[in-house]
Amino acid sequence: MYSHVLIPVDGSELSEGALQAAIALAKRLDARLTVFYALPTAGAYAYATVPTFVDKAEINAKTLLEVHQLIADSAATYLKGLVARLQQAGDPPGSIQVAVECVECDEPHRAILDAAQRLGCDLIVMASHGRRGLGALLLGSETQKVLTHSTLPVLVWRPPAVSPAS
């Protein structure tokens, strides 16, 4: 069925949930797993939010290039930790084949699609906030862009619905 799964991550709780789903799927399918991170270019930080795995206190009074280097270093540490954790997730530990791909880009959805093709992935697993209406229109969605442009199957993971407190 599927032998190589690409899982884009961004350090958020949402992408962590999708990662857990991708791990479970990779185990069942005995598939390789490639964790992908789209590192924004230095100029992108003027317009974007900083990834959650970066210490915001270190951002003050830094130039865009310094911020970019801080985020690149933080991303490398984050991805290294993910790989170590994923290698232990197999049964037995080390039974899941895990690779990491980090690409600097301005358009994450294009980088995701390019990586999937270049690496020979046959499935992309992504998270979705599930925004609808004006929120989705204004914020855009990398997942939506991947779904629109992908020639590969894309599995979209959404967090379980939280029921209101009684």
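- Counting heavy atoms from C-beta outward, P153 and Y2 have side chains that approach closer than 4.5 Å.
- Side-chain contact between K145 and E107 is absent, with no heavy atoms from C-beta onward closer than 4.5 Å.
- Taking CG of L147 as the start and CG of L152 as the end, the distance is 11.5 Å to the nearest 0.5 Å.
- With hydrophobic clusters built from ILVMFWY side chains whose heavy atoms lie under 4.5 angstrom apart, V100 shares a cluster with I96.
- Residue pairs that meet the salt bridge (charged side-chain N to carboxylate O under 4.0 Å, His left out) test with at least one member in residues 113-122, sequence neighbours left out, are E101-R118.
- Minimum interatomic distance between D106 and P108 (heavy atoms only, all atoms of both residues): O-CD, 3.5 Å.
- Neither L6 nor L39 shares a network with the other; the hydrophobic side chains, linked directly or stepwise wherever heavy atoms of I, L, V, M, F, W or Y lie under 4.5 Å apart, form separate groups for each.
- For the residue pair Q117/T151, the side-chain donor-acceptor check at 3.5 Å is satisfied.
- One side chain, H4 or T34, offers a donor N or O that lies under 3.5 Å from an acceptor on the other.
- Put simply, CG on L86 and CD on Q97 are 13.0 Å apart, with the number rounded to the nearest 0.5 Å.
- Residues Y78 and V98 share a single hydrophobic cluster, defined by chaining ILVMFWY side chains whose heavy atoms lie under 4.5 Å apart.
- Distance check: H109 NE2 to S150 OG gives 11.0 Å after rounding to the nearest 0.5 Å.
- Atom CE of M1 is separated from atom CG of L25 by 9.0 Å, given to the nearest 0.5 angstrom.
- Residue M126 is not grouped with residue L155 when hydrophobic side chains (ILVMFWY) are merged at heavy-atom distances under 4.5 angstrom, including chains of intermediate members.
- In plain terms, the two heavy atoms of W157 and G17 that are nearest each other are CH2-CA, 3.5 Å.
- Closest of all the heavy-atom pairs between P8 and I124 is CD-CG2, 4.2 Å.
- Among all heavy-atom pairs drawn from F36 and V103, the shortest one is CE1-CG2, 3.7 Å.
- Taking the charged nitrogens against the carboxylate oxygens, R110 and E142 have no contact shorter than 4.0 Å, which rules out a salt bridge.
- In terms of hydrophobic clustering, with Ile, Leu, Val, Met, Phe, Trp and Tyr side chains grouped at heavy-atom distances under 4.5 Å, L14 and V146 are assigned to different clusters.
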*C102 and L79: CA distance, side-chain angles, deciding distance, side-chain contact (heavy atoms from CB on, under 4.5 Å) verdict*: CA-CA 9 Å; C102 183; L79 292 170; 4.0 Å; yes

*For L123 and V125, run side-chain contact (heavy atoms from CB on, under 4.5 Å): C-alpha distance rounded to whole Å, both residues' side-chain angles, the deciding distance at 0.1 Å, then the answer.*
CA-CA 7 Å; L123 177 67; V125 175; 4.0 Å; yes

*Does the pair E16 and L19 meet the rule for a side-chain contact (heavy atoms from CB on, under 4.5 Å), with working shown?*
CA-CA 5 Å; E16 181 66 28; L19 178 62; 4.0 Å; yes

